[in-house]
Structure formats: C-alpha cells, structure tokens
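Chain letters run A, B, ... following the sequence lines, proteins first and then strands; every chain starts at 1.
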Amino acid sequence: MLLALDANEQAIADAAAAFLATEFPLQRLHGAHNDANRLGEFSALGWLGLSAPEALGGSGLGMVEEMLFFLQLGRVAGPVGVLGQILAVSTARDHRDLCTALLAGAASVALLVEHTADGTIRFIGAADCRYALAVAPGGASLFELNGSECAEVPCLDRSVSMCIGRDSALSRLVHVEGDGVWCRALVDVSAMLLGIAERALDMIVAYAKERHTFGRPIGAYQAVRHPCADMAVRVEAARCQLFYAATALKEQQPDAIMQIDAARLLAERAAKANTDANIQLHGGIGVTDEFSAHLLLKRANLLWRLFGSPRQSMQSLLGLRFESGVVTCAKNGSKASGVIAGEGR
Amino acid sequence: MDLHYSEADREFRERARAWLKDNIPQAPRPVAGEAGARFDRDWQRKLYEHGWAGLNWPLAYGGLGLSALQQVIWYEECARAGAPHYINTTYVALMHAGPTIIACGTEDQKAFHLPRILSGESLWCQGFSEPNAGSDLASLKTAAVVDGDELVVNGTKTWTTDGQHADFQELLIRTTPGSERHRGLTWVICDMRAPGITVRPIRTMMGDAHINTTFYDNVRIPLANVVGEIGSGWKTAMSTLAFERGTGFIGDQLALYERVNQAIALAGKTRLASGTLAIDDSDIAGRLALIKADTLAIRAMTFAQISEIHQGGNPGPKGSVMKLLVTSTAKALSHLVAEMLGWEFMEYGGNRNDHPLTYDYLWSWVYTIAGGTSEIQREIIADQLLDLPRAR
C-alpha cells in the first residue's frame with residue numbers, strides 16, 4: 001500500500017510539467033483563437049503513447065502515469081485535442097494502422113459531446129478533424145468525420161473549436177463494448193479539472209503576496225487567507241482521491257468505478273469553486289480579459305461538461321444503477337457497489 | 001503507487017475481525033456518569049488483556065508498535081464491527097498523556113503511569129484551555145509558584161472533558177512569574193483527587209454535562225510530576241498536539257465511511273413530508289453522493305499521509321487539511337440526516353442512545369470547534385502550507 005508517487009512516477013510528472021510549462025504557457029491563450037493541438041510535438045516526445053501497449057509503439061505505462069500527465073496538461077489549460085487523441089488510441093487498439101496514425105499525431109480526433117435524437121451532433125474540435133470519438137459508460141465509438149457540412153459555433157472557451165452538424169457526417173470505424181475507455185476518460189478529465197483547480201490556487205496565492213491594500217499584502221487578511229485555505233483543502237481532497245482512483249483502475253480493483261466517480265465529483269467541485277474564488281479574490285483585475293483567471297474558469301466549464309453528467313457519478317456512489325443498464329468494471333466484470341475493495345468483505 | 005495489502009496485513013485484518021466479532025460488548029455504552037466511564041475502563045481492560053491495547057505505542061512501553069497501515073486496518077474493522085468508539089474517557093490517557101510521557105517523561109513516570117493507562121486503570125483529562133485562553137492557548141494564566149519540592153497552583157481551566165471521571169490531568173501552567181506567551185510554561189501531572197481542586201460541570205446544548213470548568217485553589221503538586229523541563233511546557237505540549245494531528249484521529253476519519261453508508265440506507269427507507277423517498281430527492285441524493293465522495297477522499301488522504309510519513313515526510317499542515325475536511329464532512333452529513341428525519345429528529349429528550357442522530361447533529365459544532373477551530377486550522381494552512389503573509 002503506497003499512495004504517494006514513487007521515483008519513476010515522480011519523474012514522469014516532472015518531465016510532463018517541464019515540457020508543458022515551457023511550451024504551453026497560459027499566456028499563449030490571450031487573444032489567440034483556437035489553441036493549436038501541436039499533436040506532432042506530443043507524439044515526438046512520447047506523450048501520446050504513454051500508456052499505449054509497446055506492441056503498438058507506445059511506452060506501455062499505466063493509468064497512474066497517464067493521470068499524472070493529464071494533471072499537468074490541465075495546469076496549463078493544454079490542448080483538449082490531446083485527450084481525444086489518447087482516448088482514440090485506447091478505443092482503436094485492435095486496429096494497428098489506425099493506432100499508428102493516431103499515435104503519430106497525423107490525424108486529429110474531435111470529441112463528440114452531443115448526439116440528439118433528431119440527428120444533430122456537437123463536437124469539440126475543428127470541422128476538418130479526420131475522426132470523432134464518442135465515449136459512454138457502455139462503450140466507445142470512433143467515427144470517420146466528414147465535417148464539410150458542419151458549422152463552427154462560438155465557444156465560451158475560445159481556445160477550442162466547437163462545431164455543430166448532422167450525424168450523417170459520421171461513419172463508424174470502431175466500436176468497443178464495456179466501460180474501459182469510459183473509466184479512463186473520467187480519470188483523465190478529472191486530472192485536468194484538478195490541474196485547473198491547482199493552477200487557480202497558485203495564481204491567487206502569488207497575487208495575495210504582492211498585492212497591497214490598506215498598507216498590507218491582501219494575503220495577510222483572513223477574508224483572503226481563509227478562502228485560500230479552503231481552496232487548498234478542495235485540491236488536496238481531490239488529489240488524494242484521484243491518486244487512489246487511478247491506482248484502483250490500474251489494478252482493476254472491484255471498487256474502481258466508485259472510486260473514479262468520487263474522484264470526478266471532487267475534481268469538478270475543486271475546479272468550479274477554485275476558479276470562482278480565484279476571480280473573486282483578485283478583485284477587479286480578475287474579470288479583465290488581459291488577466292488569466294477567466295481562462296481557467298472557461299476551461300473548467302468545458303471540462304466538467306465532458307463525459308456524462310454528475311448525476312451518473314451520484315448514482316454509482318449511492319449504489320443506484322445507470323438507466324442504460326448495470327455498470328460493470330472492465331476486466332473482472334464485478335458490479336459497482338458501495339463496498340471498498342481490498343478488505344476481504 | 002499501489003493498493004495491495006501484504007500477507008501480514010491481510011492476516012492482521014482477519015485476526016482483528018475475528019476477535020472483535022466475539023468480544024465487542026452487546027449492550028450500548030451508558031450515556032453518562034460513572035456508568036459510562038466504567039464501561040470504557042472495562043472495554044480498555046479487555047483490549048489490554050487480549051493484547052490489543054496501545055496500538056500506536058512502542059513495544060518497549062507495552063504497546064503493539066503497529067505500523068500506521070495496521071492501525072488503519074484496526075480502526076476500519078472497529079467501525080465495521082460497531083466496536084465501542086475509541087474517543088471516550090480513555091482517549092486523553094491513551095492518545096495524549098501516554099505518548100507525551102513516552103516522549104518526555106522520566107523513568108519513574110513511565111513505570112508508574114504507562115501500564116495503568118494501557119489497562120484502563122487510570123483515566124486522564126486535559127488541562128490546557130482556560131476561560132480566556134482558547135484558540136490563543138499561549139495566553140494562559142493559571143500559574144504555580146515553587147514551594148520546596150512542590151508547585152502550588154492557582155487558577156482556572158475549562159473544557160475539561162470527563163474531568164469528573166479522571167484520575168490524572170495533563171496540566172499546562174505558567175511557572176515563571178511575569179513570563180509571556182510560550183515561555184515560562186510547565187507541563188505537569190496533576191492528581192485530580194488533590195485537595196483544592198473543584199470540578200464544575202458545564203451543561204452543553206446536547207443536554208449532557210461531560211465537560212467541566214476546573215478550579216485550582218492552592219493545589220500542591222510534587223515537582224517530580226513535571227514532564228519535560230520546568231519552563232519548557234510548550235515544547236512538551238506540542239509533542240502531544242503533533243501526535244494528535246498525525247494519527248490520533250484515524251479512527252474517526254474511517255468511521256465516517258460507515259456513517260455515510262448508514263445514511264444512504266436511511267435515505268432509502270425514509271419518506272419526506274412530500275411522500276417521496278429521500279433517496280429519490282435529487283437535492284438529497286446529490287448532497288449524499290458528494291459527502292460519500294468526501295469520505296472516500298478522507299480515506300485516500302489517510303493512506304496518502306501515512307505513505308508520505310513512510311517516505312520520510314512530515315504531515316505538518318496536512319493534519320489541518322484533514323481536520324477541516326473530516327469535521328466539515330461530518331457536519332454536512334449530520335445536517336443532511338437531520339433534514340431527512342423530519343419530526344422524528346425533534347423527539348430528543350437529552351438521551352444520546354435514544355436519538356443518536358440528533359445528538360450527532362448537535363455534536364457537529366463541537367467537532368468543528370474542539371481541538372483547534374476550523375478558523376485556526378485555516379490559519380495554519382495559510383501560514384504553513386501556502387506561505388501567505390502572516391495575519392498576526
């Protein structure tokens with residue numbers, strides 16, 4: 001039992017942090033529309049294949065390393081396309097040529113976020129993405145996307161493209177049953193939400209030390225200190241739970257789904273509340289376009305809308321069933337429940 | 001990272017589970033008075049006689065010297081089995097006084113007190129806070145002068161939990177006249193039967209009276225009872241508090257998980273005034289799910305903290321993060337249960353055993369205040385974890 005990073009895991013986290021802090025400073029998002037995915041760079045450094053099997057040209061590492069990478073990607077509000085790319089590899093792992101192209105970053109993947117009964121689709125990604133990915137609790141599908149008829153619509157998070165079209169633009173290439181990709185997607189997006197929450201805390205702590213009012217730094221006032229402490233508590237709770245959940249998924253523990261759903265709820269809470277507090281505690285500068293606080297708020301709003309609703313997480317935590325059927329854990333097929341694994345219960 | 005238990009840890013869990021199953025008392029703990037204290041002493045004696053006393057005490061002092069992980073396992077099994085709550089009249093002795101004497105006491109003090117604490121023979125209470133020194137403990141004024149080989153104590157302590165049952169008290173007093181703040185204090189063992197001590201119960205909003213104000217009128221305490229150096233009582237006291245913020249509340253952290261599952265079961269059979277089942281109410285379900293997520297995070301944080309200690313780290317201000325999260329989650333849980341219960345919640349006549357959920361609701365404020373208020377915990381986090389400019 002070890003719930004702290006070992007030396008190898010720490011090295012991965014440090015390497016991801018160093019690369020992303022240098023290449024993707026938050027400042028890049030000011031004024032820029034459509035932050036470039038730069039998939040080639042992620043591919044060249046091996047980040048796209050971090051947890052892909054070695055037989056496919058990946059590094060063969062696990063869910064913990066993938067989570068640590070997405071945590072760092074979240075901290076810089078990094079390209080969302082990387083998430084679609086990595087999940088697409090996971091979906092297409094039985095299709096070698098497709099995987100090779102995806103791992104090389106040669107073809108990009110949009111995330112399908114809405115598909116209504118009347119055939120309307122909404123996706124995050126440019127209309128010229130080659131593929132689109134849909135991830136649900138029961139399975140994941142990778143589609144070829146012909147986006148020529150799809151129209152880009154404005155997005156609150158200006159660093160991404162959002163498009164609307166008809167489902168006739170999609171032709172299904174691959175479908176995998178089960179919740180393997182879903183669980184992974186939840187861990188990855190939780191990690192990005194946590195990264196946002198951490199970055200918001202760092203931002204206000206730095207500002208609270210330098211900004212003076214009434215002759216003192218604002219960080220000396222309890223009206224500022226105490227909300228910052230609460231931000232730290234939310235980050236620490238979400239971080240510990242995410243570490244536990246990623247490890248439970250790596251080990252295919254029977255309670256992995258419940259642990260992941262808890263991680264998702266807490267990461268979402270931390271991102272929402274911390275991006276809010278960050279703006280409020282900054283005062284006037286917090287609502288300006290030139291300052292970065294709003295970038296974190298807008299990214300949090302994008303991320304927590306991905307992959308189902310908090311309602312689904314609630315249901316599994318309370319031992320209820322999804323309407324679409326019984327939730328099962330990928331490998332051993334045990335049902336999600338309120339029982340903690342590893343206790344011989 | 002990994003979540004695997006070793007063979008030895010799994011074997012320990014099985015042994016603990018089997019023993020608890022056959023040995024936990026059938027009758028509930030009497031709610032108040034001597035009968036409650038006697039229940040606690042009897043349970044502690046049983047733990048002692050069967051080799052389960054002093055989980056976190058070193059082997060050399062009669063404890064079990066368990067790893068932090070095996071302590072977690074023990075408390076998980078206690079919560080699961082419904083064993084008597086470990087925060088009872090034996091708590092100060094086992095979790096504060098004993099470890100402080102182990103860290104700072106003389107050989108004579110260790111030989112006399114440690115076996116009595118482990119066996120439940122001696123109960124202890126704490127004498128730190130005063131009517132005008134709570135969060136700002138270092139402003140305490142209860143003082144002693146040295147007279148021959150004795151200290152003569154005058155003053156007042158308060159929030160003396162279970163003072164009426166205690167045999168001894170860990171007493172923090174000012175022994176250097178005119179000293180200020182943390183300097184000039186002494187940590188001393190006070191015999192609660194010494195002449196000049198008056199214990200006056202404080203009735204709480206729960207309706208019970210297990211906390212007290214303690215008055216000292218020329219109370220004579222042998223200098224041989226000083227633990228650590230005379231004048232360095234702050235250092236001795238901090239060794240106790242650091243211990244408490246390390247692993248002293250593991251049991252409470254883990255018991256929350258059982259409590260939230262009980263609340264989920266309750267929500268599955270309780271009808272709201274509107275007639276709908278509580279669990280089908282989206283507001284209640286949403287809050288319950290978040291509370292459950294927090295209890296899982298508290299468990300994960302417990303493992304994270306013992307892992308960091310294992311890797312050579314110091315929990316430090318993370319203990320304050322834990323205290324804030326545990327007490328705010330417990331409060332949210334007991335308040336949610338209070339809302340679900342409707343009028344049944346109101347049928348409280350002051351007996352904890354009859355209406356434990358109403359009692360828990362009222363207790364939730366004790367929880368966020370005692371042992372360092374939530375506001376003080378936020379100050380510690382701001383200073384030590386976030387390195388913000390000092391407020392004081």
Side-chain angles (χ1 to χ4, degrees), chain A residues 1-6 9 64 201 205 208-209 216-222 224-230 232-233 236-248 250-251 253 258-259 261-266 269 310-311 313-320 338 340-345, chain B residues 1-6 9-10 13-14 17 69 73 76-77 80 257 261 264 267-268 279 282 285-286 288-290 292-308 310-311 313 318 320-322 324-325 328 375 377-383 385-391:
Chain A
M1 170 66 76
L2 181 71
L3 205 66
L5 302 187
D6 66 26
E9 291 160 346
V64 168
L201 173 60
V205 165
K209 291 175 183 174
R216 301 168 75 190
I218 61 170
Y221 294 109
Q222 292 180 332
V224 174
R225 294 160 64 78
H226 290 197
C228 288
D230 289 334
V233 173
E236 186 65 9
R239 186 185 68 83
C240 291
Q241 183 57 29
L242 179 62
F243 280 18
Y244 194 102
T247 312
K250 176 183 81 173
E251 296 176 357
Q253 297 276 357
M258 178 178 74
Q259 300 290 354
D261 281 324
R264 164 64 191 259
L265 275 181
L266 297 180
R269 176 181 67 183
R311 179 101 200 132
S313 299
M314 285 173 201
Q315 287 172 329
S316 98
L317 276 164
L318 299 179
L320 309 173
I340 289 178
E343 294 178 17
R345 292 187 179 188
Chain B
M1 297 192 283
D2 79 83
L3 305 176
H4 297 297
Y5 292 91
S6 69
D9 291 338
R10 285 202 300 273
R13 185 186 293 280
E14 278 167 32
R17 182 176 298 185
L69 183 58
I73 293 171
E76 282 188 335
E77 290 304 316
R80 182 181 173 276
Y257 183 74
N261 281 337
I264 291 169
I279 197 83
S282 64
L288 260 180
L290 201 52
K292 177 147 180 184
D294 273 324
T295 63
L296 289 169
I298 286 163
R299 184 172 178 273
M301 199 182 286
T302 303
F303 288 126
Q305 290 188 0
I306 65 177
S307 297
E308 283 161 20
H310 180 75
Q311 286 182 336
K318 294 280 183 74
S320 292
V321 173
M322 179 71 92
L324 267 179
L325 188 64
S328 64
E375 289 69 28
Q377 306 302 337
R378 291 189 181 98
E379 285 294 287
I380 294 170
I381 292 167
D383 283 343
L385 193 67
L386 303 178
D387 197 26
L388 285 169
R390 298 273 164 159

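- Nearest heavy atoms, B:Glu379 versus A:His226: OE2-NE2, 2.7 Å.
- Of all non-hydrogen atoms in B:Ala297 and A:Ala237, the two that sit nearest each other are CB-O, 3.6 Å.
- Between A:Met1 and B:Leu3 the shortest heavy-atom distance is CE-O, 3.8 Å.
- Between B:Lys292 and A:Asp261 no salt bridge is recorded (no basic side-chain N to carboxylate O distance below 4.0 Å).
- Between B:Met1 and A:Tyr244 the shortest side-chain heavy-atom distance does not fall below 4.5 Å.
- Looking at B:Asp383 and A:Arg225, a side-chain N of the basic residue comes within less than 4.0 Å of a carboxylate O on the acidic one, giving a salt bridge.
- How far CD of A:Glu251 is from CG of B:Asp2: 5.5 Å, rounded to the nearest 0.5 Å.
- Note that the CD1 atom of B:Ile381 and the SG atom of A:Cys228 stand 11.0 Å from one another [nearest 0.5 Å].
- Proximity to chain B is absent for every atom of A:Ala238, based on heavy atoms less than 4.5 angstrom apart.
- Nearest heavy-atom pair, A:Leu5 versus B:Gln311, reported as atom, atom and distance to 0.1 Å: O-NE2, 3.2 Å.
- Both the backbone and the side chain of A:Val205 come within less than 4.5 Å of a heavy atom in chain B.
- Rounding to the nearest 0.5 angstrom, the gap separating the CD atom in B:Glu308 from the CG atom in A:Leu2 is 9.5 Å.
- Judged by distance alone, with hydrogens and angles left aside, the side-chain atoms of B:Ser307 form a donor-acceptor pair with the main-chain N or O of A:Leu3 at under 3.5 Å.
- Considering only heavy atoms from C-beta on, A:Leu265 stays 4.5 Å or farther from B:Asp294 through its side chain.
- For A:Leu201, the part lying under 4.5 angstrom from a heavy atom of chain B is the side chain only.
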Side chain to side chain contact (heavy atoms under 4.5 Å, CB included) evaluation trace for A:Lys209 with B:Asp387: CA-CA 9 Å; A:Lys209 291 175 183 174; B:Asp387 197 26; 4.0 Å; yes

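- Distance SG/A:Cys240 to CZ/B:Arg299: 12.5 Å, rounded to 0.5 Å.
- Looking at A:Glu236, both its backbone and its side chain come within 4.5 Å of chain B, counting heavy atoms on both sides.
- For the pair A:Val224/B:Leu388, no side-chain contact is recorded, criterion being any heavy-atom separation below 4.5 Å from C-beta on.
- Taking every heavy atom of both residues into account, A:Leu266 and B:Ala293 meet most closely at CD1-O, 3.4 Å.
- Using a 4.5 Å cut-off between heavy atoms, B:Ile264 touches chain A through its side chain atoms alone.
- Closest non-hydrogen pair, B:Leu386 versus A:Ala232, comes out as CD2-CB, 4.1 Å.
- Between the side chains of B:Glu375 and A:Gln222, no donor-acceptor pair is found at a separation under 3.5 Å.
- Between chain A and the options B:Asp9, B:Leu290, B:Leu288, the largest number of non-hydrogen pairs under 4.5 Å is found for B:Leu290.
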